[in-house]
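These notes are about the structure you will find just below.
Just so it is clear, the structure is predicted and the values come from calculations on it, not from any experiment. For the numbers below, each heavy atom of this structure counts, side chains included, while hydrogens, waters and symmetry mates do not. Chain letters run A, B, ... following the sequence lines, proteins first, then strands; residues in each count from 1.
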There are 4 protein chains.
Amino acid sequence: MNEELSRADESKQRILLAAAAIFARKGLDGARVDELAAAARINKRMIYHYFESKENLYVEVLRYNCQKIYHLSKGAFIAGADPRENVTRALRQYFYFLAQDEEFVRLVSWEALNRGSYSSRVLPQLLDIFQADLGQILEDGIKRGCFRSDLDIHQTLLSIHALCLAYFTRREMVQPLWSSDTMSEEMLEKRLQHILDLVFHGISKG
Amino acid sequence: MNEELSRADESKQRILLAAAAIFARKGLDGARVDELAAAARINKRMIYHYFESKENLYVEVLRYNCQKIYHLSKGAFIAGADPRENVTRALRQYFYFLAQDEEFVRLVSWEALNRGSYSSRVLPQLLDIFQADLGQILEDGIKRGCFRSDLDIHQTLLSIHALCLAYFTRREMVQPLWSSDTMSEEMLEKRLQHILDLVFHGISKG
Amino acid sequence: MNEELSRADESKQRILLAAAAIFARKGLDGARVDELAAAARINKRMIYHYFESKENLYVEVLRYNCQKIYHLSKGAFIAGADPRENVTRALRQYFYFLAQDEEFVRLVSWEALNRGSYSSRVLPQLLDIFQADLGQILEDGIKRGCFRSDLDIHQTLLSIHALCLAYFTRREMVQPLWSSDTMSEEMLEKRLQHILDLVFHGISKG
Amino acid sequence: MNEELSRADESKQRILLAAAAIFARKGLDGARVDELAAAARINKRMIYHYFESKENLYVEVLRYNCQKIYHLSKGAFIAGADPRENVTRALRQYFYFLAQDEEFVRLVSWEALNRGSYSSRVLPQLLDIFQADLGQILEDGIKRGCFRSDLDIHQTLLSIHALCLAYFTRREMVQPLWSSDTMSEEMLEKRLQHILDLVFHGISKG
DNA sequence: GATGAATGAGATTTCATTCAT
DNA sequence: GATGAATGAAATCTCATTCAT
């Protein structure tokens, strides 16, 4: 009815956003509730009022973050188009989505280590959604003789995922390799081109 | 003096191994000192005696684990050999090294998230060492006209690293994709072949 | 002004009744203000509006409950009647009053333990009132040679009180002794008869 | 082997005793862990080390207190003796046991209100043990024609229990009835005699 | 008169670390 | 070198109470 959030919803939202930032930075165990409350400019008590426990808040943060993917790859697959163009488009979308949302990247990574206990039903969607679009594109490309017929689609999805993600999750490993800022427009585009090159041609000549 | 470990060294070693297992499972913040002591079957006090603090023990665990890489890729590069064979050999070595040491994989991953503060001087070595061998191989391959001349070696190293590691770090995402046990001999070999295929030829036909 | 309770009085009454039930169940320390408000289907703030504090509400609940006794033993003493009949009548009234009002029984019991700080001026009334009627009856019985002349009236009042109350306060101790429901009409009557028997004749034969 | 308690056991014991005193005074909900620790002159942390939680400590206190009864009525029943003498002896023992251990009386009373949730398997023993001895005495008395043959033993046990206990649990109700200190040697003996009188003869004359 | 959000003080519980032996 | 008990600081969580509307 009204566009505005109620005061309560606004507080809840503020907690969620502040928590997302801190959980992303420090992980579940590393984050302190006092710190979360201070960052949300709210009384600690309210965190428990709205989210029951720190763990539960963490799960909500995960859930909230995973929803971001839904807005992601809509319509990467264009039926008549060149499969290579489709792959390029999807991959670029995904790569820049990760590039621009460090929070998401880190939360997903923490969760991968936390045995996925909290998100077991949340994270698989990442690949699922990924699969829905890119999987279709790959199949289409194989059918149309564009891609190798012996391609294992699952493996390929995982590989593309890894190629994109690694650049962001391993920054402290990555940074020393290059002298310039790895997050600059130029460097990002360079990485993306490398991935596309690798994916399409491998390292072999010709 | 004597070949055997003194009782002291043996205790220290036991702490280190127990801590490695637990830090790998739960991370620095998730691990409890009580737990570490219990797992090492030793008095808590001894941990402080030998390692000063929990954080310091963690760093030692990292250091100890990173030493494992030194024993890794010795002699992957064989001067006269086909560059493809050299790549294959190095990649296989690395892939199976990760496959067989989950502890290492997880410790490295935690550390990547933990702002890398502890390992800033430790982790880059991973790529450094990697680079020493595989980098040489790639350069050799380019020079000999075997690999594309426009290959960015840094990017390629990172990519290969990512392709190998992702299979192990994202198990809970990976497992649902396949029905069989992803760590079985057969599945491991399948993944390795996929990586080699991708690296050498990309996904394009012909 | 009008016979109906104003909306305000009605709210106040609802709080009082809900609080009585909860304080009876959990005691002063065990009851939560949130819980009281929820049970009264009213905003927490109103509790403070009407009663100033949780403790004060508790006192009001006690006061309100103690008023129940006033309606109790009116006219148990009938001047000309057989003292035994008078005792029987008064005791029966008291026993069934307790039987039917668990709330009262429990509130009085909590209060007895709570240093009686709140009710120091409230609870003695229980025995006072008790005393007014039953005391008179006993005295009358002694005077008329019906009861033992060495009877200590205070002691006897306390004893009768105890004999009645124990059956209800110690239910979890009492229940295991009997197989049937201790609050059934039949069992209640049996207990009452036992008390009357004991009071009149003791356990000795003849 | 050695009579002395280890330091740990001594600390544990100190916590237990301090907690007993405080729980008796204020109940489970009213007692504060800080207070318990201070009274035991020990760090709060140790309470959790030894007892896991406040509730658990409370249960241990109950358990510990209930063991006191075991040392109680041993040999109240003397086979050949006059049943009245046996009753008198047992009742005196019980009465003075309660008189001298206010802690026990209060803990049992709190527990009776706490719906017996913690002690459901602990408290019934009170009457059980009571029953073992006094029950036997009563039966013996009936058989030997000393007591009324229509005596309900369960009811009688409960009644005797109530008559003894009430004097101590309802002190703030009892005190106003008498001018002198209700716990004085003289007053205690007076109460005991009243109970014995009532139990043996009731209030009727002759 | 009534509401829902908010709060500060404090309760329980946990943890890395140190003492006494 | 080793132990078990102990601790202070801080973490998570709870509660009676009060604003702002």
Practice prompt. Go through the steps for A:Arg106 and A:Trp110 under the test side chain to side chain contact (heavy atoms under 4.5 Å, CB included), then give the verdict.
Written response: CA-CA 6 Å; A:Arg106 290 184 61 88; A:Trp110 282 114; 4.0 Å; yes
Length of the [atom1]-[atom2] vector between [X] and [N], whole Å:
{"X": "C:Ile47", "N": "F:dA16", "atom1": "CD1", "atom2": "P", "answer": "10 Å"}
{"X": "A:Lys26", "N": "F:dA11", "atom1": "NZ", "atom2": "C1'", "answer": "14 Å"}
{"X": "D:Tyr58", "N": "E:dT12", "atom1": "OH", "atom2": "P", "answer": "15 Å"}

Item to complete: Determine the stems involving DNA chain E; a stem requires 3 or more consecutive pairs of the Watson-Crick or G-U wobble kind, each with both distances below 3.5 Å, and the answer is none if no such run exists.
Response: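 So the stems come out as E:2-21 with F:2-21.
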Item to complete: Would you please name every residue forming a side chain to side chain contact (heavy atoms under 4.5 Å, CB included) with D:Ala38, sequence neighbours left out?
Response: none
Worksheet item: Heavy atoms under 4.0 Å, any strand shown: does C:Ile42 hit a base, just sugar-phosphate, or nothing?
Response: sugar-phosphate
Practice prompt. Report which part of the nucleic acid D:Tyr50 touches: base, sugar-phosphate, or nothing (heavy-atom distance under 4.0 Å, all strands).
Written response: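 Counting heavy atoms under 4.0 Å across all strands, the contact made by D:Tyr50 is with sugar-phosphate only.
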Worksheet entry | pair B:Tyr58-B:Asn114: side-chain heavy atoms closer than 4.5 Å | yes
Item to complete: Indicate yes or no: at least one non-hydrogen side-chain atom of C:Arg14 is less than 4.5 angstrom from one of C:Met46.
Response: no
Discussion item. Using OP1 and OP2 only, check whether a side-chain N or O of B:Ser11 sits under 4.0 Å from F:dA2.
Written reply: yes
Discussion item. Output one letter per nucleotide in nucleotides 16-21 of chain E: B when a protein non-hydrogen atom lies under 4.0 Å from the base, S when only the sugar-phosphate is that close, - when neither is.
Written reply: SBBB--
Worksheet item: Can you tell which of F:dT7, E:dA5, E:dG1 lies closest to the side chain of C:His49?
Response: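 Closest nucleotide among those given: E:dG1.
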Worksheet item: Where each residue is assigned the nucleotide of DNA chain E containing its nearest heavy atom, which of A:Met46 and C:Met46 is assigned the position nearer the 5′ end?
Response: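 Per heavy-atom nearest nucleotide, the more 5' residue is C:Met46.
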Discussion item. Could you tell me if C:Tyr50 and C:Gln13 have a donor-acceptor pair between their side chains, going purely by distance under 3.5 Å?
Written reply: no
